Amino acid sequence: MKIIKRLIAIMLTAATIASVFSITALADTSSAPDVTATSAILINADTGRILYEKNDHAKMYPASMTKMLTAMVVLDNMDITETITVDSSINEIPWDSSRAGVAVGEVLTVENVIRGLIIPSGNDIANAAASAVAKKNLGSDITYNEAMDYFVGLMNDKAKSLGCTESNFVNPHGYHDDNHYTTAYDMSLIAQAAMEYDTIKEIAAETSFSGNGAGKQKYNVDGTTQEYTWYSHNELITDTENYYEYATGIKTGFTDEAGDCLAASATKDNENLIAIIMDSEDPGRWEDATNLFEWAFENYDLIEYRQAGVAATATLEGQNNLKGDTVDLTIETSLSEYMTADEAASVVTEIVYDNGGDTLIAPVEQGEKIGTLRFLLNGDVIGEAEAYAAAEVKKANIFNNSVYYTKLFFSKIIARENLKYTAAVIVVILIIIFIMVVRHRRKQRYKIKGNYRNRAVTYDTSQINSRKRRRRRNSRRDKYNKYK
């Protein structure tokens, strides 16, 4: 019996050795162009992904790019078919401001107010629009300062709602003020949101406007109207040497402090881009925007980096090992992003389990939601999807665990990469068995027959064995007499 126990211990040791020595096989983009601007950023307008950045969190002055935010606040509070009546707020703008040419008492549609903000970049119409929104919401008896403070509050609230954390606005037109500042990053968020307004998107692409400020309502308004001819300052969309065929807008800006600025958009093959160029002396802002657009269109495509279906593999815990130690995870929709081919191949999948752990704990039902898959590129999350178990996972029990570890033992010892270690262990086992057999035979040889001799004394083994038999017989007799 002792021999059997020792053999089992040796086999377990061999399995451990085999497992220790088992061998498990473990499983660039083109350079961006030189940009002369002090600060710049290029994003995909549909996903918001940053494709290029240069000092994009540096404090800068937005100049008339501010009017994109003003236009959104106006449209959030008024319908494009409504009209406003220009008040004396237009007289409060600095003398050297850009102007749309509106007059006190004049009536304009909100749609043409947006045109006046974007095409001629009128500071006067920006003040008139801000005052009209404030009076609509607070009453017509408010002062100019009260109206501006109220509208500026709406602007800052809107910016914060878009995720802008590095900006502060103090007027609706962008004329320089040290406390009126932003960053290229924040301005990209504003431009991206502005282009989601159909009215702004359409007007941003217009090279000019000719017509009455009140539009079709010019005969039915209580006030004066006038005809306008406005021309866009955006040379990317106008017939100039800086024209870019894929450009679609958006807004220019300039002050001595801000330098030449541009919020530009372009579309090619359904890829929509937005570039923010800040403080790039003409013609630098046009060239910077064009070069960034061309570079992105050349290098980036909409790539499906994960298809619907099996998208990852979860490591299991507490499962029936006979069925494996992993389970496939599926997602219900495909995920795409504008990226390079090299980037698509570099997307990393991260599993966030609902149980909060690092593994999936059995049992699991087929189709059960087990967590979320996060897809990362260069450490940044570019997409997420809910993850579901592709198959049922049963819990482990004593029977399937025993079968599994037995199979594991034999698979380890016969694995090709472990054969030399297995052979060494077998040799050791055979040597131990041989020694044990020799010792056992030697003891048996002197146990019954002949004399057992040690170095000091010679024993008569027949007398020794006789005494042992008498003691056993006496012991049985005493036990019998005890209960007699």
Side-chain angles (χ1 to χ4, degrees), residues 32-33 35 37-58 60 62-72 114 117-118 121 158-159 161-164 166-167 174 182-206 232-237 242-253 258 260-280 284-302 336-339 380 382:
V35 171
T38 301
S39 178
I41 190 171
L42 176 70
I43 68 169
N44 180 277
D46 297 317
T47 66
R49 187 188 172 206
I50 298 173
L51 307 180
Y52 173 87
E53 53 190 343
K54 177 184 178 181
N55 300 326
D56 57 320
H57 292 285
M60 304 293 291
S64 285
M65 291 192 298
T66 300
K67 295 184 177 79
M68 293 187 294
L69 182 58
T70 300
M72 285 192 287
I114 303 302
L117 288 171
I118 294 177
S121 192
K158 180 69 172 180
S161 73
L162 298 175
C164 301
E166 304 167 323
S167 302
T182 187
T183 62
Y185 175 78
D186 278 6
M187 194 52 59
S188 72
L189 299 178
I190 291 170
Q192 181 185 17
M195 292 297 278
E196 293 176 359
Y197 288 72
D198 291 339
T199 300
I200 296 176
K201 184 176 182 179
E202 292 170 6
I203 292 173
E206 294 178 358
S232 174
H233 299 160
N234 187 349
E235 294 188 16
L236 293 183
I237 63 174
N242 296 310
Y243 172 76
Y244 181 59
E245 60 178 320
Y246 302 115
T248 58
I250 311 172
K251 188 73 191 74
T252 60
D260 293 311
C261 301
L262 175 65
S265 60
T267 298
K268 180 182 179 183
D269 298 332
N270 295 318
E271 183 176 357
N272 302 305
L273 303 175
I274 289 176
I276 304 296
I277 310 297
M278 305 191 78
D279 190 21
S280 180
R285 58 177 164 176
W286 318 115
E287 294 173 349
D288 285 344
T290 298
N291 291 338
L292 285 174
F293 288 148
E294 282 293 286
W295 169 75
F297 286 141
E298 177 68 23
N299 290 282
Y300 288 83
D301 291 298
L302 183 62
S336 302
E337 178 60 87
Y338 281 96
M339 56 176 56
D380 297 323
I382 61 171

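When reading the values below, keep in mind they use all heavy atoms of this one structure, side chains included, and skip hydrogens, waters and symmetry mates. Quick caveat: nothing in here was measured; it's all calculated off a predicted structure.
- Nearest heavy atom pair, residue Phe297 against residue Glu271, reads CE2-O, 3.6 Å.
- For the salt bridge (charged side-chain N to carboxylate O under 4.0 Å, His left out) test, residues two or more places apart in sequence or in another chain that qualify with Lys158 are Asp76.
- A search for salt bridge (charged side-chain N to carboxylate O under 4.0 Å, His left out) contacts involving Asp279 returns nothing, not counting sequence neighbours.
- More than 12 heavy atoms of other residues, nucleotides or ligands shown are found within 6.0 angstrom of OH on Tyr338.
- Closest approach of Ala184 to Ile41, counting heavy atoms only: O-CG2, 3.4 Å.
- Of the possible polar contacts, one joining the Asn44 side chain to the Thr47 backbone as a donor-acceptor pair under 3.5 Å is found.
- Not counting sequence neighbours, Tyr243 has no partner by the ring-ring contact (aromatic ring centres under 6.0 Å, His included) test.
- Residues satisfying the side chain to side chain donor-acceptor pair (under 3.5 Å) criterion with Glu202, sequence neighbours excluded, are absent altogether.
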### Task
Evaluate side-chain contact (heavy atoms from CB on, under 4.5 Å) for Cys164 paired with Ile190, printing each intermediate quantity in order.
CA-CA 8 Å; Cys164 301; Ile190 291 170; 3.8 Å; yes
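- Taking the ring-ring contact (aromatic ring centres under 6.0 Å, His included) definition, one finds that Tyr52 meets it with nothing, sequence neighbours left out.
- Not a single donor-acceptor pair under 3.5 Å links the side chain of Asp288 to the backbone N or O of Val35.
- Partners of Asn272 according to the side chain to side chain donor-acceptor pair (under 3.5 Å) rule, which considers only residues two or more places apart in sequence or in another chain, are Asp46, Thr267.
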